[in-house]
Structure formats: C-alpha cells, structure tokens
Amino acid sequence: DKVIVFERGDLLFAFNFHPCTSYSDYQVGMSWDEPMRCVLDSDEARFGGQCRLEHGHANAFWPLHGIDGRPHSVKLYMPARTVQVLAKERMLQGGVHVHVSQEFLAEHGLTSPKDVSVSMQVWQDGKQVMLPPRSLGSQGVLALEEAFDATFKLLGPGNEELASKASLDGIFRLYFPGEYTVSGIGYIRNGAPPPAEAVAADAGAKAAAAEPLVSPDSALVGA
C-alpha cells in the first residue's frame, strides 16, 4: 500500500506515499483509546494542497478495535502523496490565550494594551487573508476559546506593525492551545505573565508617570 504509520509522543503520523492511489476508511492501529483530531496535513492550501482533509481538523476520529498489533485504531481518508498528523482531542481543548506584556509595550513606546490591536490570519476560499484589526482591550488578552492554533499580527495605535522577531514575515504563530505571552522585542513566551510581575510593572509605570520632573538647577536652588 506504500503507507507508513507511526507514533511519536502524543501524536500519530500517517503517510501515504503511493503516487496515484488514495484510500478511504483506511484503518490504522494506535495505542490510545480516545478521539483523535488532525492538527496538520500536507494537503492544506498553505502547502499547495487541495484541502481534502479539512473534515479531520474540525471533527474527531473515534477509536475503534485494535489492529496490526495495536490495541485501538482509527479509520482515515488518505489521499495519495499526503501525510496527516493526529493529536489526542483532549490536548486541543481550552482555547488559545495570548497576553501582551508590559515589557513588549515599553519596547514600542506604548503604555497601555488598549493601544494594541490584532489582525487574525485565516484561510478563505483557499487563500490566506488578514481580518480587520480589533482592539485587545484594557486587559491586553487575545482570547480564542474555540481555537487550538492562531496566526496573527499585532498593530500599534497608528496601525503600524508590531512585528514578531521570531519570524521572517513578522507574523505570530501558535500551534497548540494554552496561555502565551508576547514579550521583549516581540517573541512568544509560554505561559501567562506572572501576577507579581504584572502588578510590579503596572505600579512602576504609575509611579514614573506621577513623579514630578526636577531639573538639576532647581534642586541646587532648593538646597
């Protein structure tokens, strides 16, 4: 069949190397007795594919009886010359939450998360498009409750791009659910900002804004 299937960590990789034969309901063995979802496939439009595996991104594959020496299995549609990567569905729950740190704001001369907006990149009719920007609000959090990945740009108050320094095109990319923080000059850090750090940064910014400016000359006169 020219099919290779293997597990790595919590992921299942399924390759169909046949140059012209596609398989429907192809049963492949696996170790896990739980639903699986496709998180990546080579037939996606961004790879020049025909988007024939979109169903598996939005819907779970339910486990079946064992096969090929594995205790469980799933049935897949496997187009010719494609690979698909499946993850346990429970790993894809909880949504994506992206925080903007005070450090990142300061790097761009900003004082409030309200000055930052986000433009999401999505696929429409086989093409990548950027949605109109929307504000992050006073909390500075991008909350995507139903998503397990995210691709986006951050923009300043004049719609200038606040680029990611970790990618050549300046776009931020996340591939799994969880809490993330945009930090420093524009890189993604795993986890939300530590509460103590956030409070200290906010208090420091308020103190600096409230402190009166005193010139050296006036200080000498006062002495």
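Heavy-atom basis, side chains included; hydrogens, waters and symmetry copies ignored. In this text the structure is predicted, and so the values were computed from the model without any measurement.
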> Which distance, rounded to the nearest 0.5 Å, do you find between the CZ of F172 and the OG of S164?
Replying inline: 4.5 Å
> After noting the C-alpha distance and the side-chain angles of H108 and E160, does the key distance pass the side chain to side chain donor-acceptor pair (under 3.5 Å) rule?
Replying inline: CA-CA 10 Å; H108 292 278; E160 69 277 13; over 6 Å; no
> With distance as the sole test, does S119 use its side chain to make a donor-acceptor pair with the main-chain N or O of K153 at under 3.5 Å?
Replying inline: no
> Is there side-chain contact between K75 and L64, with heavy atoms separated by less than 4.5 Å?
Replying inline: yes
> Would you find a donor on one side and an acceptor on the other, under 3.5 Å apart, between the side chain of S101 and the backbone of F104?
Replying inline: yes
>> So Q121 and I171, do their side chains get closer than 4.5 Å, heavy atoms only?
In response: yes
>> For residues F152 and V141: do they belong to one hydrophobic cluster (side chain heavy atoms under 4.5 Å, members Ile, Leu, Val, Met, Phe, Trp, Tyr)?
In response: no
> How about L144 and M120: do any of their side-chain heavy atoms sit closer than 4.5 Å?
Replying inline: yes
> Rounded to the nearest 0.5 Å, how far apart are CG of D149 and CZ of R173?
Replying inline: 11.5 Å
> If you look at every heavy atom in Q93 and P177, which pair is closest and at what distance?
Replying inline: O-CB, 3.6 Å
> In this structure, are over 12 heavy atoms from other groups packed under 6.0 Å from E146 atom CD?
Replying inline: no
>> For a side-chain contact (heavy atoms from CB on, under 4.5 Å) check, start with the C-alpha distance between C38 and Q84, then their side-chain angles and the critical distance, and finish with the verdict.
In response: CA-CA 7 Å; C38 185; Q84 49 195 299; 4.1 Å; yes
>> Between L12 and L53, is there shared hydrophobic-cluster membership here, with clusters defined by ILVMFWY side-chain heavy atoms closer than 4.5 Å?
In response: no
> Has the side chain of R81 got a donor or acceptor atom that lies under 3.5 Å from a matching backbone atom of P19?
Replying inline: yes
> Mind checking whether L110 and L155 sit in one hydrophobic cluster, side chains of I, L, V, M, F, W, Y counted as touching below 4.5 Å?
Replying inline: no
>> Quick check: do V98 and V118 have side-chain heavy atoms less than 4.5 Å from each other?
In response: no
>> Please give me the minimum heavy-atom distance between Q27 and S73, naming the atom from each residue.
In response: NE2-OG, 2.8 Å
>> I'd like to know if L11 and M30 are part of one continuous hydrophobic network [Ile/Leu/Val/Met/Phe/Trp/Tyr, side-chain heavy atoms within less than 4.5 Å].
In response: no
> Under a single-linkage definition using a 4.5 Å side-chain heavy-atom cutoff for Ile, Leu, Val, Met, Phe, Trp and Tyr, are I185 and V116 assigned to the same hydrophobic cluster?
Replying inline: no
> If you look at every heavy atom in S31 and P71, which pair is closest and at what distance?
Replying inline: O-CG, 3.9 Å
> Without hydrogens or angle criteria, can the side chains of D41 and H57 be said to hold a donor-acceptor pair below 3.5 Å?
Replying inline: yes
>> Using side-chain contact (heavy atoms from CB on, under 4.5 Å), reason through V122 and L131 one step at a time and then give a plain yes or no.
In response: CA-CA 7 Å; V122 298; L131 298 180; 3.8 Å; yes
>> Would you compute the distance between atom CG of D33 and atom NZ of K88 and round it to the nearest 0.5 angstrom?
In response: 11.0 Å
> Do the side-chain N and O atoms of N16 and Y26 include a donor-acceptor pair separated by under 3.5 angstrom?
Replying inline: no
> Which atoms form the tightest heavy-atom contact between T82 and R52, and what is the distance?
Replying inline: CG2-NH2, 4.1 Å
> Under a 4.5 Å cut-off applied to non-hydrogen side-chain atoms, are V96 and F148 in contact?
Replying inline: no
>> Under 3.5 Å, is there a donor on one side chain and an acceptor on the other for Q139 and H99?
In response: no
> With a 4.5 Å heavy-atom cut-off, do V3 and Y23 have their side chains touching?
Replying inline: yes
> What's the spacing between L154 CG and D115 CG if we round to 0.5 Å?
Replying inline: 12.5 Å
> So, do H72 and H65 sit near enough that their side-chain heavy atoms are less than 4.5 Å apart?
Replying inline: no
> Shortest non-hydrogen contact from P113 to S138?
Replying inline: CG-O, 3.6 Å
>> Nearest 0.5 Å, please: how far is CD in E89 from CZ in R37?
In response: 5.5 Å
> Hey, what do you get for CZ (F15) to CZ (F6), rounding to the nearest 0.5 Å?
Replying inline: 4.5 Å
> Would you say L136 and V100 make side-chain contact, with heavy atoms under 4.5 Å?
Replying inline: yes
>> Less than 3.5 Å apart, any donor N or O on the side chain of S183 or E103 sitting next to an acceptor on the other?
In response: no
>> Donor-acceptor pair, distance only, cut-off 3.5 Å: does the side chain of D43 make one with the backbone of Q50?
In response: yes
> Do you know the tightest heavy-atom contact between L105 and S112?
Replying inline: CD1-C, 3.9 Å
